[in-house]
Undergrad: 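My questions all concern the structure below.
Each chain gets a letter, A, B and so on, in the order its sequence line appears, and its residues count up from 1. Keep in mind that what you see is a predicted model, and the values were worked out from it rather than measured.
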Protein chains: 2
Amino acid sequence: MKENKKSLEARENILAAARLIFAAKGYAGARMQEIADNAGINKALLHYYYKSKDKLFEQIFQEALVKIIRPLASFLADDSELFQKIRNISRIYHEVLIEYPFLPNFILNEISTDPSRVLHLMNVEGVLVGREKTFKQIEEAIASGKIRPINPPELILNIISLSMFPFASRPIAQELMFKGVDMDEMFKERADQVADFVIQSIKI
Amino acid sequence: MKENKKSLEARENILAAARLIFAAKGYAGARMQEIADNAGINKALLHYYYKSKDKLFEQIFQEALVKIIRPLASFLADDSELFQKIRNISRIYHEVLIEYPFLPNFILNEISTDPSRVLHLMNVEGVLVGREKTFKQIEEAIASGKIRPINPPELILNIISLSMFPFASRPIAQELMFKGVDMDEMFKERADQVADFVIQSIKI
DNA sequence: GTCTATATGGAGATAGAC
DNA sequence: GTCTATCTCCATATAGAC
């Protein structure tokens, strides 16, 4: 069970390749052969390091899930003022998704109709407690006349929709709406624009 | 090549089953056996009606693409006043997605990085001409002080994000934000709320 | 048109030499 | 740890009887 430098590097190469392939083609469409090729090893060795396709996938998927759920948990648990929180979550999600643009599609697809893995991670990350706190914060902002009436979960869903969907729809959006535009640049500036768009909509 | 009532029904059963299975599992994850079972026929007969998995999939996928692209084309070509157009597109997309909630995920996944099929359909549906018209309309609304400055394609992207992402993320959103809530009901009321949210954000 | 049986290829996984 | 060769299963697709 000792790990030398070489084998650690091999493991990391495999994970990097697996992230790429699984994200691009999904579990069913991914091929162990292609992952091995991308990692610069052969199939047998791939199976030597990661017993099965299932096991390898599960690791990649959990990793991806954490990248999405953890920022949300932080947002919900944050004690800052509401508008500042909105700026924060938009910025963090844009940062993460500029680095890993495939995350929304990957997760939404592979979760399909079974959200059990999400459920478990939610508890681990403490989403539940933070959620109640932020719901209450939004309700108080409405009661005090700071923002217009809106259902708290829908406000949060709106922020997440505006932050994630453009990444999920990037190839099609490029053709349909952003022909010739550098979407990487667009996304960089979009974080604050999404926050502005939301705040403008709810503030009185 | 004559088609009797029975075979037409068989064809329709197959398409209905294929829509279900392809949408739920994607091209790679779908099994011809499962489609045949769902259609109440056997595998050989399935191949008799639709030569190959590829051919069957292509038909289902085109169908799905049209359901998404056509409303967008109508929106872009519409001569109505801007705020009314925003209400219209939100309503139409919510109607379509309440009936076919799986469309966003299905299309976004299967298109992956190759948008060539979308490109072709765009021309057929006349998206290009409508797009320029609506971009101009938005720019004029900004120039005349009716709405705040915003990049026209981003405004449209925002509307579509708010309309589609909640459907794509439904299973995970249910767990995370809408525990115990009837999301079908929520979606019915959401069409106008999305339009209000957008209009509230841009109007002066 | 509809079925059973089967051909064919591909993908995950392992055996076993080095 | 790393490789080549191979096993096994499963999915698409077809042959051919009825």
Undergrad: Surrounding NZ of Lys133(B) (heavy atoms of other residues, nucleotides or ligands, distance under 6.0 Å), is the total greater than 12?
TA: yes
Undergrad: Would you mind reporting whether Val194(A) and Ile86(A) have side-chain heavy atoms less than 4.5 Å apart?
TA: no
Undergrad: Counting only side-chain heavy atoms from C-beta out, which of dG1(D), dT14(D), dC3(D) sits nearest to Ala44(A)?
TA: dC3(D)
Undergrad: Write down the distance between OH (Tyr50(B)) and C1' (dG1(C)), rounded to a whole number of angstrom.
TA: 15 Å
Undergrad: If you count every heavy atom of other residues, nucleotides or ligands that lies below 6.0 Å from Lys146(B) atom NZ, does the total exceed 12?
TA: yes
Undergrad: Between dA11(D) atom C1' and Glu34(B) atom CD, what is the distance in whole Å?
TA: 13 Å
Undergrad: Between C1' on dT12(D) and CG on Leu56(B), what's the gap in Å once rounded to a whole number?
TA: 13 Å
Undergrad: From OH of Tyr49(B) over to P of dA13(D), roughly how many Å is that when rounded to an integer?
TA: 18 Å
Undergrad: Send over the distance from Asp54(B) CG to dT14(D) P, rounded to a whole Å.
TA: 12 Å
Undergrad: Taking NZ, NE, NH1 and NH2 as the nitrogens, is one of them in Asp196(B) or Lys203(B) under 4.0 Å from a carboxylate oxygen of the other?
TA: no
Undergrad: Do we get Arg11(A) above Tyr50(A)'s six-membered ring, with its NZ or CZ under 6.0 Å from the centre and within 45° of the axis?
TA: yes
Undergrad: In whole angstrom, give the distance that lies between atom NZ of Lys51(B) and atom C1' of dG1(C).
TA: 13 Å
Undergrad: Can you sort out the partners of Tyr27(B) under side chain to side chain donor-acceptor pair (under 3.5 Å), two or more places apart, ordered by chain and number?
TA: Asp54(B)
Undergrad: Can you tell me how far P of dA11(D) sits from NZ of Lys25(B), to the nearest Å?
TA: 11 Å
Undergrad: Rounded to the nearest Å, what distance is computed from the OH atom of residue Tyr48(A) to the P atom of nucleotide dT4(D)?
TA: 17 Å
Undergrad: Tabulated below should be each protein N or O lying under 3.5 Å from an N or O of nucleotides 10-12 of chain C; please produce it.
TA:
from, atom 1, to, atom 2, distance (Å)
dA11(C), OP1, Arg31(A), NE, 3.0
dA11(C), O5', Arg31(A), NE, 3.4
dG12(C), OP1, Met32(A), N, 3.4
dG12(C), OP1, Lys53(A), NZ, 3.3
dG12(C), OP2, Met32(A), N, 3.1
dG12(C), N7, Lys43(A), NZ, 3.3

